[in-house]
Structure formats: structure tokens, C-alpha cells
Visitor: 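First, the structure itself, so that you have it in front of you.
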Amino acid sequence: MGITQQTGFSFIACCCFVHVAVADLTPETAALLNSLKTISGKHILLGHQDATAYGVDWSAEPGKSDVKSTSGAYPAVYGWDVGHLEIDNAANLDNVSFDLLRIRIVEAYKRGGINTISWHSTNPVNGGSAWDTTQYSVREILPKGKHHDTYVNYLQRLADFFKSLTTNDGTAVPIIFRPFHEHTGSWFWWGAAFCTPEDYIALWRYTADYLRNESGLKNLLIAYSSSTINTEANYLERYPGDGYVDIVGFDDYCMDDEAAYIDRMSNSLRILTKIAKDRDKVPAITETGYEQIPNPNWFTQVLYPAIKDYPIAWVLLWRNAINRPNHYYVPYPTHPAADDFREFHRLPTILFEDGLAPLHIYQPSKP
Ligand code: BMA
């Protein structure tokens with residue numbers, strides 16, 4: 001299976017034909033996908049990784065978020081990571097307990113926000129980290145591979161966690177799952193140098209089929225996201241097929257050379273938005289940012305001009321680490337870039353949660 005939503009019709013318009021794709025998703029999840037398609041081209045949603053779990057100098061404080069402390073509003077999109085869920089049910093690789101993660105995910109949903117989850121998975125072959133590239137692991141965890149059972153166990157743990165993401169009334173929270181990201185680079189065990197395109201695609205399909213069919217999860221959309229895009233052919237070389245992907249994206253960070261970042265963004269976005277249009281997928285910048293934001297006008301003068309002409313649904317800034325003082329991507333209130341971030345929030349194209357919530361994106365016929 002894996003056929004998802006090949007239609008641009010609204011849920012209401014197509015439910016009379018009982019489109020197989022929409023029937024496989026909960027109404028809220030189908031509505032989210034439809035809403036993202038409607039939003040792209042009109043607005044760009046602002047996302048932040050681990051937004052309400054911790055930030056610069058604080059952790060697990062109810063209601064707190066660096067995005068909100070600085071701008072007055074929560075982000076529209078929340079990025080989370082379930083790395084270590086596969087080996088330890090207590091806390092993720094950045095020390096966020098899975099109980100807190102669950103609470104923050106449900107809270108975000110109830111406020112009208114969107115949750116996307118990446119997976120810096122342990123290497124199933126040797127128990128090393130996501131960055132352990134010492135083995136040619138992907139082939140070993142596919143069906144018939146020596147370590148397949150370990151991988152199935154990983155997926156079962158993920159499925160159990162995803163199933164636990166429900167509101168009090170039992171509604172499954174829609175999740176955008178983004179596994180095996182930045183796979184066109186070679187720094188994770190699933191990276192380009194460590195598996196063939198065929199094996200990567202087989203792993204992707206096995207994973208999606210397991211979660212959606214075997215485990216019966218109907219609240220998952222799936223995001224495919226590479227690192228910087230060079231060419232359309234390179235981006236699509238490991239693409240698992242339209243039935244296995246809902247969102248297409250890429251990750252790219254600004255380093256010292258802002259002009260080079262703008263050039264890379266424009267090339268990546270041109271290719272990405274063409275692919276999304278051709279295949280009726282939602283395009284998004286799944287990770288970006290400028291560590292420590294050394295340019296106090298970066299948001300309105302570098303990021304905004306780089307993205308504003310492209311119909312992407314969201315742009316997600318990476319995390320404000322608590323135990324790594326130099327590792328943050330959103331300005332805290334006294335940071336030199338705070339004013340500029342507030343100005344970025346006021347741009348009509350950019351939506352934080354205060355702009356998103358009124359769109360009621362989880363209601364079938366909205367926005
Ligand atoms: C990386 C860094 C790491 C972190 C990982 C997963 O980009 O932020 O510190 O452990 O993402 O969140």
C-alpha cells in the first residue's frame with residue numbers, strides 16, 4: 001500500500017468518491033495535508049525544533065518557548081526527534097523524556113500547531129549512534145538481513161509511541177514523520193555512501209509499510225528530506241515513490257558566507273518546488289538556521305528574501321540547545337537579532353501559531 005493523497009480536492013469534495021488515499025488517514029490527518037497544500041503559495045509557516053521542551057537557559061517549563069518569549073507567539077510548526085526511542089523508552093538523544101515529548105506534542109496540536117518528527121536512529125547493526133557509519137548497515141536490516149529483527153523491534157517501539165499520541169478524547173494527533181533525513185550526504189548510517197539507492201528505497205518502503213499497514217497508524221504523513229539539493233536527478237535518485245511521500249523537503253544551514261547560502265537556497269528551492277508541483281507534494285524547508293545568528297538582521301534580510309518567492313509550506317529553525325551554549329538558532333529576548341525576529345513575525349507572508357490557529361487546519365474543509 002502506501003497510496004496516500006494524490007488529489008488536490010478538498011476532503012469534502014472527494015469524500016463522495018471515497019478516495020482510497022484519504023480513507024487511509026484519519027480525518028484530521030487528511031485535513032492537515034489538504035491544508036498544507038492550500039497554505040503553500042500563500043503563507044510560509046515558521047517552525048522550531050524542540051520549541052517547547054527547552055531553550056537557552058531553561059528546560060521543561062510549562063508554556064515556555066524561546067520563539068514565544070521573543071516574538072509573543074508560539075511557532076506554527078514543532079520539530080521533535082525520537083532518536084533513542086528504539087533502544088530506551090525514557091529519553092531521546094537530547095535528553096528530552098518521551099513523556100514530556102508526548103505532552104508537548106499533544107499541547108501543540110490542541111493549540112492548532114503542526115508536529116513533525118525526525119529520527120536520529122541508533123545504528124541497528126552495532127548499537128552506535130546515527131553518525132556511526134562504520135558498517136554498511138542498511139542492507140543488513142532489510143528483510144533477510146542479519147539484523148532485520150533488531151530493526152523490526154525498533155519500528156515496533158516507534159509505532160507504540162506514535163499510537164500513544166492522542167488527546168483525552170482519543171483523537172490521534174496527526175504527525176509528519178521525517179525518517180532517514182539528509183540521506184544525500186554521507187554522515188548518517190543511511191547516507192549515500194553507505195547504501196545503494198535500491199537499498200535506501202527498500203528501507204523507506206519497509207518502514208512506511210510497517211508503520212501504516214502492519215501497525216495500522218492512520219495519523220502519519222511522511223516527509224522525504226535530503227540535504228542541499230544539487231539537481232533534480234540527484235534529489236530523485238533515492239525517492240521511494242509518490243505513494244510513500246507526502247512532503248518533500250531539504251535541510252541547509254547558513255554558515256559564514258550568507259551570499260553562498262542564498263545561492264544554495266535559491267537552487268534548492270527552485271528544484272524542490274518544481275518537483276512538488278509535478279507530483280502534488282507539499283514542499284518545505286525541513287531544517288535551517290544560522291547558529292548563534294551573528295547577523296542581527298538575518299531573518300528579514302537573508303532568510304526572508306531567500307524563501308519568500310517560493311510556495312513552501314514551512315521553514316523550520318533548528319534547536320536552542322540547553323547544554324550547548326553556542327548551539328541555538330532562534331534569538332532569546334535580549335539577543336541582538338530579537339528585534340529583527342519580531343519584525344519577521346509581523347511579515348504578512350510568515351505565519352507563527354497566532355496566524356495559523358484561526359485557519360483551523362484540522363477541520364476537513366479548511367482553510
Ligand atoms: C544535531 C545537533 C545535535 C543533536 C541532533 C539531534 O543537529 O543539534 O546536538 O543531538 O541534531 O537533535
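All ligand and atom numbering here is 1-based and tracks the order in the structure.
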Visitor: So do the side chains of I87 and H84 get within less than 4.5 Å of each other, counting heavy atoms only?
Guide: yes
Visitor: Output yes when R157 and D160 qualify as a salt bridge under the 4.0 Å nitrogen-oxygen rule, no when they do not.
Guide: no
Visitor: Going from CZ on R139 to CD on E198, what distance comes out if it is rounded to the nearest 0.5 angstrom?
Guide: 8.5 Å
Visitor: Between T228 and D252, does any side-chain donor sit less than 3.5 Å from a side-chain acceptor?
Guide: yes
Visitor: Select all protein residues for which some heavy-atom-to-ligand 1 distance is less than 4.0 Å, and list them by chain and number.
Guide: L93, D94, H120, W131, W318, R319, R324, H327
Visitor: Knowing that exactly one of R178, Q49, R319 qualifies, which makes a side-chain contact (heavy atoms from CB on, under 4.5 Å) with E287?
Guide: R178
Visitor: Please list all pairs meeting side chain to side chain donor-acceptor pair (under 3.5 Å) that have one or both residues in residues 299-309, counting only residues at least two apart or in different chains.
Guide: T300-D340, Y304-T349
